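Below: one structure, written as structure tokens.
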Amino acid sequence: MDQRSERRAQVYAQGRFLLRADISRFYPSIYTHSIPWALHGKEYSKQHKFDPNLGNRLDKLVQACQHGQTNGIPIGPDTSLLIAEALLCKVDAELAKLNIAGLRYVDDYELVFDSQAAALEGLSLFQEALLDLELHLNPAKTKVLPLPQRIEETWGDTLKGFDLNPSSPSFKSQLIHFFDTAFELSHAFPDTGVLKYAAGRIANIRNWKSHYDIAEDLLVQAARVEAGALPVVLNTILRQPATDDARKNRRHNLLLKTIIEHAPQRHSSEVAWSVWGCIAQGFKLSTDSLKFVVKMEDSICALAALHARALGLAEAPAELDALAAALTSGELYDSRWMLAYEAAVRGWLAPADGKDFVASDGNFAKLKAAGVRFYDETKTALPPLPPPKAKTSDYEGLGQLINFSGSEDTEDEPGDETGEYF
């Protein structure tokens, strides 16, 4: 990502029109049978659909990860990144026939042409190459633009240009102006991670002097508006003790409301971070938040809530008893396998029949005997900040590459966050 701007400048210099496009709902829309098509050729694969070749084996394995479905591959695992590359390299090979300059970042394409007519012709070939693999362009983000175009998004340039120096007498004003600008930009550039980037810029400040309180209020506001910023916000606020009840209540309120707002939408990351935030600070999960977590049918969120209950941090502990329905031998091979295994071996829940269904299963019994665990209940605090860099002035900025995990079909620009180390 840190090379993207330089590569863009090189590519943009080689033409007069830019075709910018990305693939609609890329991972959820991948047709698993297209994996052997990409690896072995479509016609060959259709004639040898039952051969035990690599493509067919991957096809079956990916289906097994998705309850036998042939549409979509799991989002997150590195195996999915490799499969996605196998598919898109096939598309790249077709585009290479145009003998044009271009670049691809995951499923975002930027291709340069000498004329608008050539760009439209290239778009047609691009669509054909994608359709051959049952993929489609996102029409809202596919456009032909005259060059020159900006190398980086304007909001990234704006926020990067702020001088945030806690040693300065005007730091409070700097901080307010920075977040005021970030809040305005978040409206102008929705779904681009503006507030997550803003929170990341101050995530590693050490010497707050007397300005931390207002910083936390601004960070909490950012997390309430853009829940994807919550992990970065927690990275700051959990390093500062809440010394008064009002601040504790604001933190507690942020986390509970995030759970209640995002659990019905199955936003697992936001909910999991919120439950973890409550555990890390010793906050109780409310009755309503527990009910919403149970309805999610998400193993990670459920295990975090059970961990909170084991620590006495559940307002209504009995609300989580409904999760015991997942403790069956059949569930070990379904979507909630991690909940079934972990809750049973840790004694957080008990199966209705009282039998040790994990020990009775030939595969999971081996994991249990080896002491394998997937949930680490010791990770209830942030790791220490890295040592400060050697510096020649009162402060010095250090760029950090942050992997944004936005929703499908969003862009996260400019692609890095700058944390200040003091």
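All figures in this text were calculated on a predicted structure; none of them were measured in a lab. Heavy atoms only: backbone and side chains are in, while hydrogens, waters and symmetry mates are out.
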Over 60° means perpendicular and under 30° means parallel, so classify the ring planes of Tyr375 and Trp348, tilted if in between.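 Answer is perpendicular, since the angle exceeds 60°.
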With a 6.0 Å cut-off (strictly less than), is the heavy-atom count around [atom1] of [X], excluding the residue itself, greater than 12?
X      : atom1 : value
Lys42  : NZ    : yes
Arg104 : CZ    : yes
Asp78  : CG    : no
Glu121 : CD    : no

Are any of the side-chain nitrogens in [X] or [Y] under 4.0 Å away from the carboxylate oxygens of its partner?
X      : Y      : value
Asp245 : Arg250 : no
Glu216 : Arg251 : yes
Arg8   : Glu110 : yes
Lys368 : Glu342 : no
Arg150 : Asp157 : yes
Asp108 : Lys141 : no
Lys172 : Asp213 : no

Does Trp37 have its ring centroid less than 6.0 Å away from the ring centroid of Tyr31?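 Yes, the ring centres sit under 6.0 Å apart.
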Donor-acceptor contact below 3.5 Å, side chain [X] vs main chain [Y]:
X      : Y      : result
Arg239 : Asn235 : yes
Glu226 : Leu195 : yes
Arg266 : Met296 : yes
Gln174 : Asn165 : yes
Glu297 : Val294 : no
Gln240 : Thr236 : no

Is a donor from one side chain sitting under 3.5 angstrom from an acceptor on the other, for Glu315 and Ser286?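 Glu315 vs Ser286: no donor-acceptor pair found between side chains.
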Out of the candidates Ile75, Asn71, Ile73, only one should pair with Pro28 under the side-chain contact (heavy atoms from CB on, under 4.5 Å) rule; please name it.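 Answer to the side-chain contact (heavy atoms from CB on, under 4.5 Å) test with Pro28 among Ile75, Asn71, Ile73: Ile75.
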Name the residue from Lys49, Gln63, Lys46 that meets the side-chain contact (heavy atoms from CB on, under 4.5 Å) definition with His33.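 So the option named by the test is Gln63.
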Apply ring pair (Phe, Tyr, Trp, His ring centres under 6.0 Å) to residues His177 and Phe162 and explain how you reach the verdict. CA-CA 9 Å; His177 183 37; Phe162 272 85; 5.1 Å; yes
Under the ring pair (Phe, Tyr, Trp, His ring centres under 6.0 Å) criterion, do Tyr333 and Phe364 qualify, and how do the steps go? CA-CA 10 Å; Tyr333 294 90; Phe364 283 90; 5.5 Å; yes
